[in-house]
J.: 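Okay, handing you the structure first.
What you see is a predicted model, and the numbers here were worked out from it, not measured in a lab. The chain is numbered in sequence order, starting from 1. Order of appearance sets the numbers: ligands from 1, and atoms from 1 within every ligand.
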Amino acid sequence: MRPIQMVDTRSQYQKIKTEVDQAVLQVLESSAFINGKPVHEFAAALAHYNGSKHCIPCANGTDALQIAMMALDLQPGDEVITPSFTYIATTEVIALLRLKPVFVEVDAKTFCMDPESLRKAIGPRTKAIVPVHLYGQSAPMAEIMEVAREHNLYVIEDNAQAMGCDYRFPTGETVKTGAIGHIGCTSFYPSKNLGAFGDGGAIFTNDDALADKMKMIANHGQSQRYYHDVVGCNSRLDTIQAAVLQIKLKHLDEYNDARRKAAEYYDAGFAGIRQLTVPQRASYANHIFHQYTLLVEDGDNSAAKRDALNTFLAGHNIPSMIYYPVPGHRQKMFASFGAGEQDMPITDWLTQRVISLPMHTELEKEQLDLIIEKVKAFFQN
Ligand SMILES: *Cc1c(COP(=O)(O)O)cnc(C)c1O
């Protein structure tokens, strides 16, 4: 049995090595390291896959969020609503641009933005909403888009963890996450569902004017060479990364299926453990399991019990992670926004209970069986 890892990018690479090696060597031969043909081909293929009119590749997922927010002409102090229960990149760029992050709660079952909490947070300076499709499951987009329409707000989807997830509108219409809001952002960090061999990111939109503006911002605000119309940044996807991603995109659905299968296997294995809640699936989306995240319940002792499980598994060479140990509203970074004083009982409750198990496309039955056996052993003691 291979050692168990949170993410096994190496075994995945081995399966497509011949094709990937050839594609990378071709880039080396062409030496078009920046803006080479694979960058344009990959962007077109990804736009098509996602059902978005435009796909703008960039250097990473954090840049994608930053460029999206820069394109909206927001003024310092304007408010952007986002969940506290997310990775720091989502909220950090808001503050970086001198905007004000306003944290809202997530649903305790889906871990995604709670539309009720969103409604309550809207004020006169609210300009945009950034829902996060956390752990590979869509936020409730029909409700979020409805709130945005009512209050004339932009929606930027943080799709870094859910590339390939299908959201089903109440009408039955199915749309990929990242293609629903005004702008969608994603990351190709190696551990993401569509991961490169380094950093990468992309921005989606169906709006032609926004697409032009974001392209310009990602390229030093340049309209034509050496003519700079707006303040931008330098954010590009390397040709080598695009060449790798072009190949991996063809496997994305199969990769997401493999994750889903592993999740179902875990679910069955953990059935009957009273103190453990397996990830709940929202009725409106197909979870693609960027993470497989359990809740450990032991009353006031939950965090200690969860941490003990983490230590116990580590003792058996099984990694597990807490995503994320400190929610946004408790980060020192945001203290000046008075975030720490905010009352966010659901977010705090989740933060004490979540634990993520190894999740990737190459999990073997033997590995899953061992993980399940050890988790069960922990709760039987
Ligand atoms: C990974 C991630 C990002 C940032 O992506 P990078 O490519 O690492 O900059 C943003 N938001 C979420 C939710 C993420 O998981």
Side-chain angles (χ1 to χ4, degrees), residues 6-7 9 42 46 55-70 80-97 101 103-104 106 110-113 128-139 141 144 155-165 177-178 180-181 183-204 214 218 233-238 241-242 244-245 248 256 259 285 287-293 321-329 331 333-334 347 350-351 354 356 359-360:
M6 282 305 285
V7 182
T9 46
F42 169 65
L46 190 61
C55 169
I56 301 149
C58 62
N60 56 66
T62 310
D63 275 10
L65 289 159
Q66 183 183 324
I67 293 162
M69 285 181 215
M70 286 171 80
V80 178
I81 299 177
T82 188
S84 173
F85 195 70
T86 180
Y87 180 54
I88 197 69
T90 320
T91 44
E92 183 185 34
V93 295
I94 300 171
L96 183 74
L97 295 173
F103 296 113
V104 295
V106 290
T110 64
F111 308 115
C112 289
M113 186 181 269
I129 308 167
V130 185
V132 182
H133 306 308
L134 201 72
Y135 303 152
Q137 178 157 257
S138 176
M141 290 307 293
I144 291 168
V155 175
I156 301 171
E157 296 174 73
D158 183 340
N159 199 34
Q161 299 191 1
M163 199 63 230
C165 174
T177 51
I180 303 167
I183 304 174
C185 297
T186 201
S187 161
F188 306 125
Y189 184 80
S191 66
K192 300 286 155 93
N193 290 42
L194 179 58
F197 289 180
D199 276 310
I203 313 164
F204 302 96
M214 292 191 291
C233 56
N234 171 22
S235 190
R236 295 184 283 242
L237 180 68
D238 289 347
Q241 300 306 337
V244 171
L245 287 164
K248 291 187 73 176
N256 285 343
R259 288 171 179 271
H287 205 315
I288 56 162
F289 290 97
H290 174 62
Q291 298 298 343
Y292 183 86
T293 304
M321 295 287 287
I322 313 305
Y323 298 122
Y324 298 91
V326 184
H329 76 287
Q331 294 287 357
M333 182 195 270
F334 299 123
T347 295
L350 286 175
T351 301
V354 286
S356 300
M359 175 48 74
H360 54 80

J.: Roughly how far, to the nearest 0.5 Å, is CD1 of I88 from OH of Y324?
T.: 10.5 Å

J.: Give me the nearest non-hydrogen protein atom to atom 11 (N) of ligand 1 as residue plus atom name, then the distance to 0.1 Å.
T.: D158 OD2, 2.7 Å

J.: Rounded to the nearest 0.5 Å, what's the gap from CD on Q137 to OG1 on T293? Could you check?
T.: 10.5 Å

J.: So, taking the atom named CE in M214 and the one named CD1 in I67, what distance separates them when rounded to the nearest 0.5 Å?
T.: 8.5 Å

J.: Check whether any N or O atom of Y189, backbone or side chain, sits under 3.5 Å from an N or O atom of ligand 1, and answer yes or no.
T.: no

J.: If you measure every N or O of S187 against every N or O of ligand 1, does any of those distances drop under 3.5 Å?
T.: yes

J.: To the nearest 0.5 Å, how far apart are CG in L237 and CZ in F188?
T.: 6.5 Å

J.: Please state which protein non-hydrogen atom is closest to atom 15 (O) of ligand 1 and give its distance, to 0.1 Å?
T.: Q161 NE2, 2.8 Å

J.: Would you check whether G61 has a nitrogen or oxygen atom less than 3.5 angstrom from a nitrogen or oxygen atom of ligand 1?
T.: yes

J.: Quick one: pull up CD in E157 and OG1 in T177 and give me the separation to the nearest 0.5 Å.
T.: 6.5 Å

J.: Should you measure from each heavy atom of T90, which atoms of ligand 1 turn up under 4.0 Å away?
T.: 11 (N)

J.: Find out whether F204 and L46 are in side-chain contact, i.e. whether some heavy atom of one side chain is under 4.5 Å from a heavy atom of the other.
T.: yes

J.: What atoms of ligand 1 come within less than 4.0 Å of a heavy atom belonging to A160?
T.: 2 (C), 3 (C), 10 (C), 11 (N), 12 (C), 14 (C), 15 (O)

J.: Can you find a heavy atom in the side chain of Y189 that is under 4.5 Å from one in the side chain of N60?
T.: no

J.: May I ask you to list the atoms of ligand 1 that are less than 4.0 angstrom from any heavy atom of N60?
T.: 7 (O), 9 (O)

J.: Considering non-hydrogen atoms of the protein only, which is the closest contact for atom 4 (C) of ligand 1, and what is the distance?
T.: T62 OG1, 3.6 Å

J.: Quick check: K192 and ligand 1, any N/O pair under 3.5 Å apart?
T.: yes

